[in-house]
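Here is the structure we will look at, set down as structure tokens.
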Amino acid sequence: MRLFNTLSRQQEDFVPLRDNTVRMYTCGLTVYARGHIGNFRTFVCVDVLRRALKYVAGYKMHHVMNFTDVDDKTIVGAAKANMPLREYTDQYITAFREDAAALGIEPVEDTPRATDDANLKAMADMINALEQRGHTYKSDGSIYFKIATLPSYGKLARLDHEGIQAGARVDSDEYDKESARDFVLWKSTKPGEPTWDVGCGPGRPGWHIECSAMALRLLGESPIDIHTGGVDLVFPHHENEIAQSEGATGKEFSRFWFHCEHLLVDNQKMSKSLGNFYTVQDVLDKGFRLSALRYILLSGYYRKQLNFTWTGLEQAEEALRRITDFLGRVEALTAGGTHPEVNARVKEAVDAFDAALKDDLNTAAGLGAIFDLIRALNILMDGKQVGRGDAPEIISAFNHFDRVLGVLSLRRAEDATPPIPQAEIDAAIHARQEARRRRDFGEADRIRQDLLARGVILEDGPQGTRWKRK
RNA sequence: GGCGCCGUCGCCAAGUGGUAAGGCAGAGGUCUGCAAAACCUCCAUCCCCGGUUCAAAUCCGGGCGGCGCCUCCA
């Protein structure tokens, strides 16, 4: 598997360090609000990475994705809502899980949250280790990381140190730092704020320490294999994670850094602070399906910005329809027999698909291989060159594609819940058949129109009438 | 101001030295009671200008345009 590594700014061959198991960490959501589809672009891309590592490269996964459930925004939000912090963040964790499931994101092995006792303890341990190695200083009860003690600082972001200007950084907590570049590891308690005393004084964790501590606690000894997140995390978050982890252990933190580019709206970054975001629910409210959303999110290269448009969703919807219609056609095959030509085409497509995914997740090329196969097999079906006996092989190839893309199963699940009760559809199809037999096409068309208006499309074929969701 | 990414058909998007994948939309045709679906055919020389090369969308230089990071952020 070739993967672009932000650390080297190059594609590299990826192989897990130990036990054929990929130890991967993903920076998850800060749970002060519902995630938007820009957030989910990253999580869908990471999901495709995870699935490609499992189902194409054949590795086992130990994948951790955290929830940041304590920071300025969660604290302020909980106070405003007059709720305990934990209860406040619970809502958004639940919402995230719902949205993630609805988008076909595979559950990962561990989903720690920062305020779990074991994690807070791990943070304190790491801070103490940093203290022993002389990387910290205290000021007003807070503990800071002293960047000057780590010469390699900046290796990920490759930022000019002088470019990080003193005073430019708006630290809402207004603690005293020796240098603008230094960052807080543990924040001293302020009145009315939640506080923990787990071994490095009363206070609460800084943003970066949780990921370093949880990654190493759950994934084991450094280095872990892959660390992922959105590009905006490269600096300062990931740079600081490296500083903490490598400062504390003296060993490389993560071998690969995988970053997803942003989702744009109107060619601008989609973000909560700009207010130009859509949620999963917004997409549903507009009448689109989440399979289409997932399709559009994974159809381009993950390292390229993706401009989100409703037109794009419509196009994704149609593209997906082409695939599912094809599969419907395969499932409806009646003539017997198998054909070597089918076998050859399928093998070709699977190889091309796997090669594309192994090439730094070239999903666009992978989809190209799928559509090439669809065209080839449609031509063969038209020429009666595909039989019932070929179907299992074709279907198993598409199951393989979808283990990685995770979009067809989503579509099927959507289709499995018809907008009208199944019995009603069947009755309408039957009534329409009767009308057609009488050559009462006015009535037949009326029935079809009626179903269409209620979200069901009818298609007449040689084997009778099929229905599908609009 | 510093660092980085990007600019391929109406829209989306692969390809990164050997003569432009794929999807959507569009046009014509086959099929159909009509549709739909499906199939066939058609539909770009790659932002501009120079340069390197037998050969460039692909490499180099210079423009123009867009975006991101440098501050919470997926």
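Throughout, a chain's letter reflects where its sequence line sits, starting with A, and its residues are numbered from 1.
Under the salt bridge (charged side-chain N to carboxylate O under 4.0 Å, His left out) rule, A/E317 has a single partner from A/K286, A/R322, A/R289, which is A/R289.
Nucleotide B/rC69 forms a Watson-Crick or G-U wobble pair with B/rG2, both donor-acceptor distances falling under 3.5 Å. The partner of B/rC54 is B/rG18, by the rule that a Watson-Crick or G-U pair needs both atom distances under 3.5 Å. Nucleotide B/rC31 forms a pair with no other nucleotide shown, judged by Watson-Crick or G-U wobble geometry with both contacts under 3.5 Å. In this entry B/rG10 has B/rC24 as its Watson-Crick or G-U wobble partner, both defining distances falling under 3.5 Å. Across all strands shown, B/rG61 forms a Watson-Crick or G-U wobble pair with B/rC49, both key distances being under 3.5 Å.
A salt bridge links A/R432 with A/D460; the closest basic N to acidic carboxylate O contact falls under 4.0 Å.
No hydrogens or angles were tested; on distance alone, nothing pairs the side chain of A/R303 with the base of B/rG68 as donor and acceptor under 3.5 Å. For a distance-only test at 3.5 Å, the side chain of A/R448 fails to qualify as a donor-acceptor partner of the base of B/rA36. Looking at A/R322, its side chain has no donor and acceptor atom pair within 3.5 Å of the base of B/rC24.
Heavy atoms of A/G28 sit under 4.0 angstrom from primed sugar atoms or phosphate atoms, though from no base atom. Residue contacts shown for A/R34 are absent, as no nucleic acid heavy atom lies under 4.0 Å away. A/I370 comes within 4.0 angstrom of nothing in the nucleic acid, heavy atoms only. Among the heavy atoms of the strands lying under 4.0 Å from A/E459 is at least one base atom, whether or not backbone atoms are also near. When heavy atoms are screened at a 4.0 angstrom cut-off, A/M381 is found touching no nucleic acid atom at all.
When the P atom of B/rG33 is taken as reference, atom CG of A/D445 falls 12 Å away, rounded to whole Å. Rounding to whole angstrom units, NE2 of residue A/H259 and P of B/rC70 are separated by 13 Å.
Closest to the side chain of A/D382, from the set B/rG33, B/rA21, B/rC39, is B/rC39. Residue A/R375 places its side chain closer to B/rG22 than to any other of B/rA74, B/rG33, B/rG22. When distances are taken from the side chain of A/L264 to each of B/rC67, B/rG22, B/rC72, the shortest belongs to B/rC67.
Between B/rC9 and B/rC69, the two P atoms lie 27 Å apart (nearest whole Å). Of the C1' atoms belonging to B/rC70 and B/rU53, the separation is 40 Å, rounded to the nearest Å.
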Can you check nucleotides 11-14 of chain B for protein contacts, nitrogen or oxygen pairs under 3.5 Å, and list what you find?
residue : atom : partner : partner atom : Å
B/rC11  : O2   : A/Q315  : OE1          : 3.2
B/rC11  : O2   : A/Q315  : NE2          : 3.1
B/rA14  : OP1  : A/Y301  : N            : 2.9
B/rA14  : OP2  : A/K304  : NZ           : 3.3
B/rA14  : O3'  : A/N362  : ND2          : 3.1

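Heavy-atom neighbours of A/K155 NZ from other residues, nucleotides or ligands within 6.0 Å: above the threshold of 12. In the displayed structure, A/D266 atom CG is contacted under 6.0 Å by at most 12 heavy atoms of other residues, nucleotides or ligands. Counted within 6.0 Å of CZ on A/R9, heavy atoms from surrounding residues, nucleotides or ligands total more than 12; the atom is thus considered enclosed.
Ring geometry for A/F258 versus A/Y302: interplanar angle under 30°, hence parallel rather than tilted (30 to 60°).
Residues A/K468 and A/T324 have side chains not in contact (no heavy-atom distance under 4.5 Å, counting atoms from C-beta outward).
Aromatic rings from A/F96 and A/F40 are positioned such that their centres are separated by under 6.0 Å.
For A/K269 and B/rC69, the shortest distance from a side-chain N or O to OP1 or OP2 is below 4.0 Å. When the side-chain nitrogen and oxygen atoms of A/N267 are compared with OP1 and OP2 of B/rC67, none of them lie within a distance under 4.0 Å. Contact between the side-chain N/O atoms of A/S271 and the OP1/OP2 oxygens of B/rA74 is not found at any separation under 4.0 Å.
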Q | Worked check of side chain to side chain contact (heavy atoms under 4.5 Å, CB included) between A/E106 and A/M61 | A | CA-CA 12 Å; A/E106 273 194 354; A/M61 296 299 298; over 6 Å; no
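We find that the ring of A/F371 and the base of B/rG22 do not stack by the test of centres under 5.5 angstrom and planes tilted less than 30°.
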